[in-house]
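Below is one structure, written out as structure tokens, with a few remarks after it.
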Amino acid sequence: MPSSVTWCLLLLAGLCCLVPSSLAEDLQGCAVQETHATAHDEEHLQEPAEHKIAPNLADFAFSLYRHVAHQSNTTNIFFSPVSIATAFALLSLGAKGDTHTQILEGLSFNLTELAEAQIHDGFQHLLRVLNHSDNQLQLTTGNGLFIDESAKLLDKFLEDVKKLYHSEAFSINFGDTEEAKKQINDYVEKGTQGKIVDLVKDLDKDTVLALVNYIFFKGKWEKPFEPESTTEQDFHVDEKTTVRVPMMHRLSSFDVQYSDALSSWVLLLDYAGNATAFFILPDQGKLRHLEDTLTKGILATFLENRHSSFVNVHLPKLSISGTYDLTSILPELGITKVFSRQADLSGITEEAPLTVSKALHKAVLTIDEKGTEAAGATMWEMIPMSLPPELEFNRPFVLIIYDRNTKSPLFVGKVVDPTQK
């Protein structure tokens with residue numbers, strides 16, 4: 001019998017628009033500054049550059065998640081901490097003073113522990129590794145700078161973003177807002193293989209620079225689910241709300257652990273390639289406890305103590321998205337000046353003061369079965385005679401997509417209602 005493939009599509013697009021700060025009333029801006037690396041011990045220097053920033057990316061991911069989660073407990077959450085951090089680390093190359101410090105500290109970097117040169121070197125290597133994934137795992141990221149044809153950006157800024165962040169630069173006429181929107185949206189649509197369209201709904205005609213960052217991920221499970229086993233089942237959104245969802249099912253040997261610290265079951269599903277998905281199901285009434293307790297250290301223990309057992313796993317098919325206005329979220333992490341008239345972005349251009357007027361982030365997650373035939377190999381598993389335990393993801397749960405090569409959380413989310421797009 002042909003087996004099917006369960007696909008996971010993950011996409012992110014972020015937009016940062018800069019306008020002259022003199023024109024902004026409630027707009028906010030970005031800034032960056034260059035520092036020099038300090039010497040570290042030999043062991044630390046031998047560590048891959050992308051691994052040095054991985055703990056900071058994890059701290060930023062969980063910090064941002066908690067701020068978003070506390071705003072609402074009734075909506076799905078899905079975002080890419082790697083993509084947001086990449087975009088703002090890039091902007092930090094052109095920021096100075098407090099603007100510069102706030103950006104890096106807001107991204108959970110401590111400049112007394114990790115020099116700025118090492119931070120940018122880490123992102124450079126991170127992007128290189130992510131964009132050279134094996135062909136089993138489609139993972140690409142991109143940065144695009146759309147520069148108004150009348151603006152003159154500093155050569156050093158352009159050289160640094162191209163070298164360190166592999167960014168493309170495009171000349172654009174922001175005075176023609178409709179055409180400018182089309183060019184940016186076409187870039188995002190192409191980069192995300194048509195999954196994110198019309199990211200930009202409106203543009204300020206006084207915009208001088210727009211930064212777009214996207215990430216596209218497509219992977220297949222090492223152990224796919226069979227579509228014939230998928231059935232309609234109940235998903236309990238809350239005590240009063242139940243929805244019907246297509247629930248995938250597989251009886252197999254899974255990496256399942258119970259965490260006393262989180263009061264949650266943790267399921268690890270590997271993709272064919274270098275990524276692992278964490279599905280974390282809290283006990284009844286323990287979702288907020290899970291959200292407040294989860295850390296990079298706890299996450300690491302799950303990877304270090306992997307072991308498999310036979311479990312009946314039920315996992316809903318998903319198609320969810322998250323769209324965020326970062327100008328209202330990142331100030332809660334201490335990044336404020338970059339979105340204000342006090343922004344110092346003089347490392348980008350000396351022509352006029354700049355401020356960030358728009359910072360959008362959108363991510364899309366799809367997990368479904370494609371019905372394609374697997375290559376000509378068949379695998380049988382020995383099933384125990386005793387009745388295996390059931391693990392049903394039929395109530396709100398947290399998910400994390402983790403890249404094992406870079407030790408970085410690519411995506412973080414919460415499924416409150418699988419039917420909520």
Side-chain angles (χ1 to χ4, degrees), residues 4-12 65-66 68-80 195-197 217-221 223-252 254 256 258 262-269 277-292 294 311-324 361-371 388-401 411-421:
S4 69
V5 176
T6 298
W7 294 93
C8 186
L9 302 179
L10 300 140
L11 321 155
L12 175 282
Y65 174 89
R66 279 188 275 271
V68 175
H70 288 174
Q71 290 180 355
S72 172
N73 58 5
T74 61
T75 56
N76 296 327
I77 294 174
F78 195 66
F79 64 89
S80 171
K195 298 300 179 181
I196 293 182
V197 297
F217 171 95
K218 183 178 181 180
K220 57 182 179 180
W221 305 122
K223 294 182 178 180
F225 293 83
E226 295 286 350
E228 304 87 59
S229 300
T230 299
T231 59
E232 291 285 320
Q233 295 184 24
D234 287 342
F235 187 97
H236 305 285
V237 176
D238 54 39
E239 293 180 355
K240 299 180 180 179
T241 309
T242 299
V243 296
R244 297 287 286 176
V245 300
M247 192 75 75
M248 301 183 297
H249 164 257
R250 182 180 176 91
L251 169 59
S252 183
F254 285 103
V256 175
Y258 184 80
L262 300 179
S263 298
S264 303
W265 284 99
V266 182
L267 168 68
L268 275 64
L269 291 183
F278 293 77
F279 294 91
I280 309 176
L281 181 69
D283 295 340
Q284 290 285 1
K286 292 294 185 178
L287 179 57
R288 177 58 66 89
H289 169 75
L290 160 62
E291 293 175 330
D292 291 339
L294 186 60
V311 183
N312 233 333
V313 167
H314 301 257
L315 190 66
K317 293 171 63 173
L318 301 173
S319 182
I320 64 172
S321 66
T323 302
Y324 305 96
H361 177 91
K362 183 171 184 177
V364 179
L365 165 66
T366 301
I367 299 178
D368 61 12
E369 303 142 355
K370 291 298 184 180
E390 300 273 342
L391 183 58
E392 297 183 272
F393 286 82
N394 60 359
R395 58 182 184 272
F397 59 90
V398 171
L399 65 94
I400 299 166
I401 310 297
F411 299 90
V412 178
K414 175 172 64 173
V415 178
V416 175
D417 181 353
T419 66
Q420 183 185 89
K421 304 300 182 182

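Please read these numbers as outputs of a predicted model, since none were measured by experiment. Hydrogens, waters and symmetry mates play no part in the numbers below; they use all other heavy atoms, side chains included.
At least one side-chain heavy atom of Val416 sits under 4.5 Å from a side-chain heavy atom of Val237. Side chains of Phe393 and Val245 form no contact here, defined as non-hydrogen atoms less than 4.5 Å apart. Counting heavy atoms from C-beta outward, Val398 and Tyr65 have side chains that approach closer than 4.5 Å. Here the side chains of Ile77 and Tyr324 are in contact, with some heavy-atom distance below 4.5 Å. The closest side-chain heavy-atom distance from Leu365 to Phe411 is not below 4.5 Å. Here the side chains of Ile196 and Lys362 are in contact, with some heavy-atom distance below 4.5 Å. Counting heavy atoms from C-beta outward, Phe397 and Pro316 have side chains that approach closer than 4.5 Å. Using a 4.5 Å cut-off on side-chain heavy atoms (C-beta onward), Leu399 and Val415 make contact.
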Start with the C-alpha gap between Gln284 and Arg395, add the side-chain angles, then the distance that decides, and say whether side chain to side chain contact (heavy atoms under 4.5 Å, CB included) holds. CA-CA 9 Å; Gln284 290 285 1; Arg395 58 182 184 272; 3.6 Å; yes
When you look at Asn394 and Gln233, which way does the side chain to side chain contact (heavy atoms under 4.5 Å, CB included) test go after all the steps? CA-CA 8 Å; Asn394 60 359; Gln233 295 184 24; over 6 Å; no
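At distances below 3.5 Å, not a single donor-acceptor pair connects side-chain atoms of His361 with backbone N or O atoms of Gly322.
Within a 6.0 Å radius of CD in Glu232, other residues, nucleotides and ligands contribute more than 12 heavy atoms.
Relative orientation of the His249 and His314 rings is tilted, given thresholds of 30° and 60° on the angle between their planes.
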